[in-house]
Visitor: 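Handing you a structure now.
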Amino acid sequence: MSNGTSTSDESRDLDSTSSDGQDDRSRVQTSEPEGSPNENGKPPSSEGDGQQFKVDDPLFSQRKGVFQNKEMVRVGWVPDGDRIVGRDDYISTISSCLNDAVYGGAPNHISITGKTGTGKSLVSRYVTRRAVNASVEDIRIGHTYLDCSKSSTEVQVISTIGQQLNDEDIYDEDEDIVKMPDTGLPKDKFYKRLWQILDHYDSAIIILDEVDLLKSDHVLMSLAKAVESNDTSCQIGIIAISNQINFFDELNPRTKSAFQTQELNFDPYNANQIQEILRGRDDAFRDGVLTDEVIPLVAAFSAQEHGDARKAMRLFRTAGELADREEDDMVEEDHVRRAQDALEKDRFRDFLQGTPTQMKAACLSIAAKSLYSRDDYIITGELYDAYQQITNAIDMDTIGIRRFRDILDEMQLSQVIETKEVNMGKGGGRHNSHRLLHNPEAILDIVMEDSRFGDISKSSLKRFA
DNA sequence: CATCCACCGGAAGCCGGGGAAA
DNA sequence: TTTCCCCGGCTTCCGGTGGATG
């Protein structure tokens with residue numbers, strides 16, 4: 001391999017594809033964009049919010065605002081090592097797995113489990129970045145981060161990895177650049193092109209986040225076996241991340257034998273660690289704008305969510321944005337509480353966005369049921385009845401009960417509902433029973449934003465329940 | 001303790017939309 | 001333009017399930 005170190009130029013960082021997307025940009029967001037992703041771990045310039053420019057139009061006048069380095073409270077931001085709290089052991093285990101890659105050798109595969117917001121992606125990306133930066137001269141390390149909730153089919157995974165690694169700098173002048181389309185080719189062609197791209201690297205670190213959402217684990221096996229089966233000369237190290245504890249035990253045996261990993265399980269943060277994380281980033285805000293109760297309250301809210309640092313960060317940021325938008329000089333307890341409400345509504349709106357209309361109808365049926373029926377839990381059959389009445393009322397297609405069950409499944413996966421099994425005994429049969437985890441009023445409001453459901457009045461929903 | 005019910009959920013396959021290559 | 005392929009949404013089919021009941 002020729003001209004030196006890492007090919008992954010700083011502009012195309014680990015960040016740009018990934019939890020950036022998970023960072024459901026809150027609708028209480030202020031006017032400025034996300035700020036360019038910053039991979040070097042240094043806080044962005046404190047003048048980074050465009051203050052060095054003067055804008056004449058009073059409509060866009062520059063307020064001081066509560067933030068000074070807003071980038072630092074973005075969910076995808078990968079901080080310096082000394083701002084990463086309580087993950088030292090994990091960092092050192094991962095780095096020893098990746099150590100050989102730095103010298104062009106074969107990195108070990110790693111499987112990481114742990115609940116959401118426990119720093120799995122953050123630490124993986126941090127160590128990967130360190131490895132890439134540390135690589136010895138003339139060794140070319142490719143690295144890529146893939147969120148499998150967005151690219152879940154085999155072809156999508158292969159094509160996305162290929163596209164991310166397909167830097168024109170890796171080619172010689174007279175060489176043809178491999179084209180990697182999104183779709184349209186037979187599977188084996190996608191693989192072939194990926195191997196061609198990988199051949200330009202000595203080693204590659206591939207981070208697969210939310211790997212449990214892959215439609216098939218075949219891709220995992222293919223990547224893990226690539227060197228062994230002479231598909232590519234590039235040494236591939238996979239960091240597979242899942243928030244399902246037993247995911248890697250349940251892989252099909254062939255994949256499991258090809259994909260031998262170092263296993264890591266990330267513990268949730270405790271309330272103190274969350275506070276420490278937040279304090280480690282409080283210089284995102286201007287001096288003195290945070291009132292004393294803000295950080296403890298944000299930490300307390302997220303402690304209710306099993307120590308999810310990602311949600312904490314989002315809440316922290318959103319509270320600031322709310323203060324900014326209302327032109328308040330300080331961030332106060334009330335901002336945090338309202339931000340928490342807004343985020344919950346946003347989460348649900350984001351969930352619905354892009355889902356089929358049938359999902360909205362299904363949500364409407366469970367919202368109506370939980371508003372107007374006495375029972376906490378509602379069995380599938382009853383929900384389906386309500387759903388049918390709703391679709392008939394607005395003259396839309398009605399899906400079969402089997403598909404309806406799949407939709408309920410998706411709702412459960414996205415934590416919109418909670419499902420438990422009930423057995424009515426001889427003759428009563430076995431049922432799944434569902435409970436809404438959100439405020440039904442809020443759900444009605446959000447579903448009604450869709451014009452197709454505009455004809456249904458809240459009062460008429462009572463009939464369906 | 002076998003029975004029974006009514007739903008559960010995996011598997012397979014269909015269909016229309018959309019993209020790439022020949 | 002035609003052919004080939006992927007993909008999401010959907011249906012049909014069918015064996016599996018488990019606790020109150022008789």
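Quick note: numbers below take in every heavy atom, side chains included, and nothing from hydrogens, waters or symmetry partners.
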Visitor: Check this one for me: any side-chain N or O of A:K215 less than 4.0 Å away from OP1 or OP2 of C:dC6?
Guide: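 A:K215 to C:dC6 OP1/OP2: no side-chain N or O under 4.0 Å.
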Visitor: For A:M359 and C:dG8, give me the distance from atom CE to atom C1', rounded to whole Å.
Guide: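 Rounding to the nearest Å, CE of A:M359 and C1' of C:dG8 are 13 Å apart.
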Visitor: When you compare the side chains of A:S302 and A:D308, does any donor N or O come within less than 3.5 Å of an acceptor on the partner?
Guide: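 Distance-only check fails for A:S302 and A:D308.
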Visitor: Strictly below 4.0 Å, N to O, side chains only: are A:R338 and A:E321 in salt-bridge contact?
Guide: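 The answer is no: the pair does not qualify as a salt bridge.
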Visitor: For DNA chain B, find the residues of residues 180-192 of chain A with a heavy-atom distance under 4.0 Å and give them by number; none if there aren't any.
Guide: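 Within residues 180-192 of chain A, the residues near DNA chain B are A:P181, A:T183, A:G184, A:L185.
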Visitor: Would you call A:R347 and A:E344 a salt bridge, using N to O less than 4.0 angstrom?
Guide: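 Salt bridge: no.
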Visitor: Between the side chains of A:R349 and A:D346, is the shortest nitrogen-to-carboxylate-oxygen separation below 4.0 Å, so that they form an ion pair?
Guide: yes
Visitor: Tell me whether A:R430 is salt-bridged to A:E421, with the criterion being a basic N under 4.0 Å from an acidic carboxylate O.
Guide: yes
Visitor: When the ring planes of A:Y387 and A:F404 are compared, do they come out parallel, tilted or perpendicular, using 30° and 60° as the limits?
Guide: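 Taking A:F404 first and then A:Y387, their aromatic rings sit tilted (interplane angle of 30° to 60°).
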Visitor: Look at all strands and tell whether A:E154 reaches a base, only sugar-phosphate, or nothing, counting heavy atoms closer than 4.0 Å.
Guide: nothing
Visitor: Is it the case that the side chains of A:K215 and A:S152 hold a donor-acceptor pair, with the cut-off being a distance below 3.5 Å and no angle test?
Guide: yes
Visitor: Determine, for A:R402 against A:D406, whether the closest basic-nitrogen to carboxylate-oxygen distance falls under 4.0 angstrom.
Guide: yes
Visitor: Does anything in residues 403-416 of chain A come within less than 4.0 Å of DNA chain C? Heavy atoms only, and list the residues if so.
Guide: A:R403
Visitor: Find out whether the Lys NZ or Arg CZ of A:R281 is both under 6.0 angstrom from the six-membered ring centre of A:F316 and within 45° of the ring's axis.
Guide: no
Visitor: First contact, last contact: which nucleotides of DNA chain B are these for chain A, 5' to 3', heavy-atom distance under 4.0 Å?
Guide: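 Reading along DNA chain B, I get B:dT3 to B:dA21.
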Visitor: Decide whether a cation-pi geometry holds between A:K360 and A:F453; the criteria are a distance under 6.0 Å from NZ or CZ to the six-membered ring centre and an angle within 45° of the ring axis.
Guide: no
Visitor: Are A:R130 and A:S95 close enough that a side-chain donor and a side-chain acceptor fall under 3.5 Å?
Guide: no
Visitor: Which nucleotides of nucleotides 16-22 of chain C have their base under 4.0 Å from a protein heavy atom (B), which only their sugar-phosphate (S), and which neither (-), written as one string 5' to 3'?
Guide: -BBBBB-
Visitor: Of the residues in residues 382-396 of chain A, which ones touch DNA chain B at a heavy-atom distance under 4.0 Å?
Guide: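 Of all residues in residues 382-396 of chain A, none places a heavy atom under 4.0 Å from DNA chain B.
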Visitor: Between A:D375 and A:S373, is any side-chain donor less than 3.5 angstrom from a side-chain acceptor?
Guide: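 No, no side-chain donor-acceptor contact under 3.5 Å.
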Visitor: Checking A:H431 now: which residues fulfil ring-ring contact (aromatic ring centres under 6.0 Å, His included) with it, not counting sequence neighbours?
Guide: none
Visitor: Determine, stepwise, if the pair A:D182 / A:Q163 fulfils side-chain hydrogen bond (donor to acceptor under 3.5 Å, both in side chains).
Guide: CA-CA 9 Å; A:D182 290 332; A:Q163 287 169 3; 2.7 Å; yes
Visitor: Check whether NZ of the Lys or CZ of the Arg A:R87 lies under 6.0 Å from the centre of the six-membered ring of A:Y269 and within 45 degrees of that ring's axis.
Guide: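 The answer is yes, since A:R87 meets both limits relative to A:Y269.
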